[in-house]
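Below, chains carry the letters A, B, ... as their sequence lines are ordered, and counting in each starts from 1. We use all heavy atoms of the structure for the numbers below, so side chains are in, but hydrogens, waters and symmetry mates are not.
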Amino acid sequence: MVKTWSRLTCTFRKILLPELQLSRPYSKILPGVASNIRILNNKITNLIRNSKLDDARMLFDKSKQRNTVTWNSMLSGYVRRREIVKARQLFDEMPERDTVSWNTMISGYVGCRCLNEGRILFDEMPCRDLVSWNTIISGYAKNGKMNEALRLFTQAPNRNPVSWNAMVTGFLQNGDLRNAVEFFKKMPERDAASLSALVSGLILNGELDEAEKILLDTSYENDTIMDKVHAYNTLIAGYGRKGRIKDARNIFDRIPSHHDHGRAVKFKRNVVSWNTMIMCYVKARDILSARVLFEEMMERDTCSWNTMINGYIEMSEMEEASNLFKKMPNPDVYTWNSLISGFGETGKLEIARELFDKMPERNQVSWNSIISAHEKTKKYKTAIELFINMQIEGEKPDRHTLSSILSACSELADIQLGIQIHQKVIKIVTPDVPLNNSLITMYARCGAITQAMAIFEEMKSYKDVISWNAMIGGYASHGYATSALQLFGLMKEESVKPTYITFISVLNACANTGLVEEGRMHFKSMVDEFGIEPRVEHFATLVDILGRNGHFEEAMDVIRGMKIEPDKAVWGALLGACKVHNDVKLARVAAEALIKLEPESSTAYVLLHNMYADIEQWDDATEIRRLMEKHNIKKAAGYSLV
DNA sequence: GTAGGGTTAG
């Protein structure tokens, strides 16, 4: 039986195979061959649709029989990919061209903004159809050449809604709203695209009220536009972006809902209408109204759930987000990711990690979210471990990953890893300003000031205030106070507006070099010249500068004049200065203020006690000891009572 | 296989 069967198939092959290789003329006679071409064309079309252009080309080259459709499919593949040179080569090689070939080629040129080349072909082509005219008209319209578009539009032997819509869109893109509306009104017949084009164009031009007017007017007409819901949704979203929630809701309510059985419904709300309206509420942080609408929905899609869940995450209401997530039928990777990043942002690292470990599939964003969650909660080592695992599992790091890891390197002052990440950065992405800033910070924190400066200088004019802050801070915190101040001078010369962070470094530099006058001056200019409200860090440093140099009166004046409550850094700076200058009286004031702020801490007690001991005021020293015993204060490690 | 519009989230 098996033998007979294989003999039979052999015979069949002998008969069938030669037929498959028949050349062109036979394909017209033999239906089997014609259907083979159809199969081939379908295959090529599908490959192109899935953007597998190279596979399509291989199939194209291999096939012995091709018809014009085969060539056209291949041509449209190149046109879609904007590979205009290859498209033209193929076009020139074609054994015969039909109108579609010409139109495709023209649309290719037009899509690449090569209007002249497109026009040459248009003028050359043997017979033009409506598509040819519309292609060239929309080409001119899209590229702002409305005069030429209009000339061709008028010349065209006939027009359809596509021709009119191209003109309307063109006018809108050029901000010519008057003509856009006029053309829309003059159109002999309009379709859904006409309305969509006009409404979305008006919204892009900021004319939301005009868009609404036209939209509502159109609904009174006996028009043929059934599919108006698209345009309505566009307007809802437009209002949402402008924060006009009431107007958005008004439009939403005007779309007939599923419950309107009574009258003929020309169009009705779809799930996008609901999602868009929920989105509006979420953007306006009106999470309650969003939830009400969400509960009213008859059927929800993934987007509805994710929008609602993300709304709660935006409001940091992670519990509600979590509850909804548990009820959600089919969460996708985005749902998981937003929860992970939400829990990460709110410091709930364990939950974030649990979700990450549990999720069915991960992508780059999942890894980035969990890495950043660890980095933000100061779990730098784990962040780096995750970064390594990410790559083991075949997920590529991107600029977000690298930026998180660079921060971890900065905090750990791990320059070895930092350098490795720097290499990766150069290999994977073109560093943008934030990434370069992270690199500067990393090198500066690791004490590699020269490398930090190299990047800073490479950035040329693309530096922002953060780049300057990172560099000035790097100098200031590594003992290069003079360089820090010089760089600050350059920053002002280049008219970059400093921030409060800049001044922390600048004042620190002054403190470290004992530049009292300069310190005073910078503090004053921060307030007067740059209008920056001083924070406790600034006051603490100023007190430090003044106190250390013996200007105790002035330092106390600064503290008394503070609009905000002085914190332990401020009093600590004063106490430190008193210690240097052996001013016991003022030290007592500072120490008492410190003890008030931190009753359990022994630092101030010990310091004061030792100052009394130094000048042999034993009664006072004993009093401090008694106080410590009374309040059960134990010396912190590293301190001793002399 | 070629021409116009295209709404919501991550």
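Contact check of residues 122-134 of chain A against DNA chain B (heavy atom, cut-off under 4.0 Å) returns A:V131, A:N134. If you check residues 302-318 of chain A against DNA chain B, the residues with a heavy atom closer than 4.0 Å are A:C303, A:N306, A:T307, A:N310, listed by number. Using a 4.0 Å cut-off on heavy atoms, the residues of residues 141-148 of chain A that approach DNA chain B are A:K142, listed by number.
Using a 4.0 Å heavy-atom cutoff across all strands shown, A:R49 reaches sugar-phosphate atoms only and no base atom.
Taking every side-chain heavy atom of A:V100 into account, B:dT2 is the closest of B:dT2, B:dG4, B:dG10. Listed nucleotides B:dT8, B:dG5, B:dT2 differ in distance to A:A193; the shortest reach to its side chain belongs to B:dG5. For A:N103, the side-chain atoms get nearest to B:dT2 when compared with the rest of B:dT7, B:dG10, B:dT2. When distances are taken from the side chain of A:V162 to each of B:dG5, B:dT7, B:dA3, the shortest belongs to B:dA3. Closest contact between the side chain of A:T234 and the listed nucleotides B:dT7, B:dA9, B:dG5 involves B:dT7.
With sequence neighbours left out, the side chain to side chain contact (heavy atoms under 4.5 Å, CB included) criterion links A:K246 to no other residue. Listed by chain and number, the residues in a side chain to side chain donor-acceptor pair (under 3.5 Å) with A:D247 are A:R244 (sequence neighbours excluded).
With A:W274 as the fixed residue, the ring pair (Phe, Tyr, Trp, His ring centres under 6.0 Å) test singles out one of A:F294, A:W305, A:F252: A:F252.
Between the CG atom of A:N36 and the CG atom of A:L40 there is a distance of 8.5 Å, given to the nearest 0.5 Å.
Per the geometry, CD1 belonging to A:I136 stands 12 Å off P belonging to B:dG4, to the nearest Å.
One cannot find a donor-acceptor pair under 3.5 Å joining the base of B:dG6 and the side-chain atoms of A:N233. For A:D191 and B:dG4, a side-chain-to-base donor-acceptor distance below 3.5 Å is present, hydrogens and geometry of angles not being considered.
Cation-pi check for A:R254 over A:Y232 is not met; the charged atom does not lie both under 6.0 angstrom from the ring centroid and within 45 degrees of its normal. Seen from the ring of A:W133, A:R159 does not count as a face-on cation partner, given the 6.0 Å and 45° thresholds. For A:K242 and A:Y239, the positive end is not near the middle of the six-membered ring at less than 6.0 Å and at most 45° from its axis.
Sorted by first and then second residue, the salt bridge (charged side-chain N to carboxylate O under 4.0 Å, His left out) pairs involving residues 271-293 of chain A (not counting sequence neighbours) are A:R291-A:E295, A:R291-A:E320.
Between the side chains of A:T135 and A:N103, no donor N or O sits under 3.5 Å from an acceptor N or O.
For B:dG6, one of the phosphate oxygens OP1 or OP2 lies less than 4.0 angstrom from a side-chain nitrogen or oxygen of A:S200. The phosphate of B:dT2 (OP1 or OP2) has a side-chain N or O of A:R80 nearer than 4.0 angstrom.
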